[in-house]
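To keep things clear, I will list the structure first and then write my remarks on it.
The sequence lines fix the lettering, A, B, ..., with proteins before strands; numbering per chain opens at 1.
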Amino acid sequence: MLDIKYIREHLETVKTRLERRGQGTADALDGLLIPEEERRRCLSESEMLKNKKKKLSAEVGRLKQQGQEATREMEEVKTINATIKELDDKSAACEDQILQTLLGIPNLPDDSIPDGADESANQEVRLWGQKPELSFAPKTHVEIGEKLGLLDFKRAAKIAGSRFAVYKGVGAELLRGLINFMIDVQTRENGYQELYPPFLVNKESMQGTGQLPKFEEELFKMRDDPYYLIPTAEVPVTNFHRDEVLKEESLPICYTAYTPCFRREAGSYGKDTAGLIRQHQFDKVELVKFVRPEQSDTELESLVQNAESILQKLGLHYRVVVLCAGDMGFSAAKTYDLEVWLPSQNTYREISSCSNFTDYQARRAKIRYKKGDSKPEFVHTLNGSGLAAGRLFVAVLENFQQKDGTVRVPEALRPYLHGQEVIGKAH
RNA sequence: GGAGAGGUGGCCGAGCGGUUGAAGGCGCACGCUUGGAAAGCGUGUGUAGGCUAAUCCCCUACCGAGGGUUCGAAUCCCUCCCUCUCCGCCA
């Protein structure tokens with residue numbers, strides 16, 4: 001959420017910056033200032049009356065204690081109360097209108113990111129490793145996975161529906177191995193503390209990180225209970241500190257969490273229908289940071305590197321791109337995507353998205369820190385995938401596939417598979 | 001799910017219709033004291049909003065949340081949420 005005060009004082013700047021996300025993004029701002037003026041007018045008028053009321057009531061008390069008549073004072077308060085109620089109702093209505101508008105306005109893009117309307121304007125920042133040289137036509141992860149008995153999409157469709165998968169045997173083991181490997185690297189080497197949060201959260205949490213109210217159709221919602229399935233661990237982990245004032249010396253706070261993620265994928269009909277790329281349920285190890293505002297730029301860089309370290313240890317070729325203003329998510333100010341090379345698709349596919357949300361989520365979720373003796377300030381929040389396990393599974397199968405149809409297990413992963421060096425050999 | 005107890009400031013804990021943002025204690029900060037420290041003494045110590053050049057004043061709100069009664073509510077009434085104990089159920 002943007003700061004109404006800042007908008008009031010820097011309207012043109014805010015407009016210009018928002019418009020970078022796309023024409024019309026800033027239109028909502030126009031409906032903001034009039035109710036804001038009205039709200040403040042009603043508020044100060046009401047407060048003046050409340051002050052008068054307080055004094056009169058005290059006077060009534062004093063008079064009654066002395067056994068004197070106070071009817072005139074009591075009548076006057078009654079009259080004042082009616083006006084106060086009117087003013088308070090009006091300012092509450094304005095406030096709600098302002099809040100609803102603000103919740104629908106995205107974060108300001110960072111000045112450092114490129115202009116552009118869609119992913120074609122994203123810029124490659126760096127490239128790591130190189131494409132594997134395969135002496136044969138690469139198979140897709142679906143072909144490999146089904147042939148080696150690692151994946152079963154048919155039965156998944158039977159028990160749940162489309163966009164679900166069953167990992168089985170060594171496939172299940174590989175998935176678990178990848179998850180554990182990622183958590184271990186993030187906790188033991190990159191300094192994150194592990195959290196294992198609820199996968200169902202309330203609407204306050206969804207609003208805190210920006211999924212609600214605008215993106216409800218992308219979420220799975222319980223019918224009989226007020227819960228939503230999390231679309232990413234970002235939600236429970238960022239909201240871990242909702243409505244809190246953190247100690248300055250505790251920052252930066254870095255958490256990592258493994259959770260399954262649930263997404264309706266409404267509006268993506270026909271897109272990535274085959275395989276593990278786009279599922280209603282997938283697994284992810286997430287990285288979340290709470291930092292001092294002046295540190296968030298550098299903390300984003302290190303968070304990206306922490307995510308990259310997984311790909312590097314596995315020896316997977318990838319590139320880092322910075323998203324342009326038009327392609328970036330609603331709450332983010334700056335986003336880097338990690339895209340891993342997929343031989344079967346002959347392209348790079350997103351496997352991680354790392355963002356600096358500046359104070360946007362912090363203001364929604366009221367996450368602050370106390371700076372010395374001065375007033376609490378909003379922290380900056382960041383998060384990124386470290387990484388998406390399903391897509392990493394895809395990348396491992398496809399990049400390490402061998403001519404004989406087996407898959408080589410990258411060395412870093414072998415301890416997680418009981419030392420197994422090749423998948424599919426026995427078959 | 002049933003029965004009961006409870007939610008007050010950083011923490012503990014009073015208050016149970018009137019001048020209480022809230023006694024007292026602990027903690028913390030600063031000062032005095034001291035060779036130094038402890039003890040002791042003194043002062044201060046919440047958040048949000050409005051006003052403002054201002055994190056100074058001043059004003060308003062906040063005692064789990066939301067309503068209500070009243071001239072006046074932390075205190076009375078209603079609804080909801082959360083925590084704890086016991087019972088039931090259960091991985």
N or O in side chain of A:K366 less than 4.0 angstrom from B:rA48 OP1/OP2
no
Please check: side-chain N/O of A:R391 versus main-chain N/O of A:I277, any donor-acceptor pairing under 3.5 Å?
yes
Can you tell me if A:S385 uses its side chain to pair, donor with acceptor, with the backbone of A:S353 under 3.5 Å?
yes
We want to know whether A:E286 and A:Y255 form a side-chain donor-acceptor pair, criterion being a heavy-atom distance below 3.5 angstrom.
no
What class does the angle between the rings of A:H280 and A:F164 fall in, given that below 30° is parallel, 30 to 60° is tilted and above 60° is perpendicular?
tilted
Full working for ring-ring contact (aromatic ring centres under 6.0 Å, His included) between A:Y416 and A:F181:
CA-CA 7 Å; A:Y416 295 88; A:F181 166 68; 5.8 Å; yes
Please check if any side-chain donor atom of A:E299 sits under 3.5 Å from a side-chain acceptor atom of A:H380, or the reverse.
no
Send over the distance from A:E204 CD to B:rG64 C1', rounded to a whole Å.
14 Å
Between the protein and nucleotides 19-22 of chain B, which nitrogen or oxygen pairs come in under 3.5 angstrom?
from	atom 1	to	atom 2	distance (Å)
B:rU19	O4	A:Q65	OE1	2.9

Between A:R40 and A:E36 (salt bridge meaning N to carboxylate O under 4.0 Å), is one present in this structure?
yes
Would you mind classifying the nucleic acid contact of A:K247 as base, sugar-phosphate or nothing, using non-hydrogen atoms under 4.0 angstrom?
nothing
What nitrogen or oxygen pairs link the protein and nucleotides 50-52 of chain B at under 3.5 Å?
from	atom 1	to	atom 2	distance (Å)
B:rG50	OP1	A:R39	NH2	3.2
B:rC51	OP1	A:R40	NH1	3.1

Can you tell me how far P in B:rC28 sits from the matching atom in B:rC81, rounded to whole Å?
40 Å
Please state how far atom CG in A:L49 lies from atom C1' in B:rC71, giving the value in whole angstrom units.
15 Å
Could you measure between the two C1' atoms, the one in B:rG46 and the one in B:rA53, and give it in whole Å?
26 Å
Under the 3.5 angstrom rule, does the side chain of A:E244 hit a backbone N or O of A:R368 as a donor-acceptor pair?
no
Give one of base, sugar-phosphate or nothing for A:R368, where a contact means two heavy atoms less than 4.0 Å apart.
sugar-phosphate
Tell which nucleotide pairs with B:rG1, taking only Watson-Crick or G-U wobble pairs whose two distances are both under 3.5 angstrom.
B:rC87
In terms of the angle between their ring planes, are A:Y167 and A:F393 parallel, tilted or perpendicular, with boundaries placed at 30° and 60°?
perpendicular
Side-chain N or O of A:N51 less than 4.0 angstrom from OP1 or OP2 on B:rC59?
no
If pairing means Watson-Crick or G-U wobble with both distances under 3.5 Å, then the partner of B:rC11 is B:rG25
Rounded P spacing from B:rC59 to B:rU20 in Å
14 Å
Checking ring-ring contact (aromatic ring centres under 6.0 Å, His included) for the pair A:F290/A:Y369: CA distance, chi angles, key distance, verdict?
CA-CA 10 Å; A:F290 302 82; A:Y369 77 106; over 10 Å; no
Between B:rU19 and B:rC62 - P atom distance, rounded Å
14 Å
Side-chain H-bond candidate by donor/acceptor type, A:T209 with A:E234, under 3.5 Å
no
Quick test: give all pairs of protein nitrogen or oxygen and nucleotides 72-78 of chain B nitrogen or oxygen below 3.5 Å, distance rounded to 0.1 Å.
from	atom 1	to	atom 2	distance (Å)
B:rG72	OP1	A:N81	ND2	2.9
B:rG72	O4'	A:S57	OG	3.3

Nearest whole angstrom, please: distance from the C1' of B:rC71 to the CD of A:Q66.
16 Å
Under 6.0 Å from the CD atom of A:E86, do we count more than 12 heavy atoms belonging to anything else shown?
no
What integer number of Å spans the C1' atoms of B:rA54 and B:rU70?
40 Å
Using the P atom on both, measure B:rU60 against B:rC51 and round to a whole Å.
15 Å
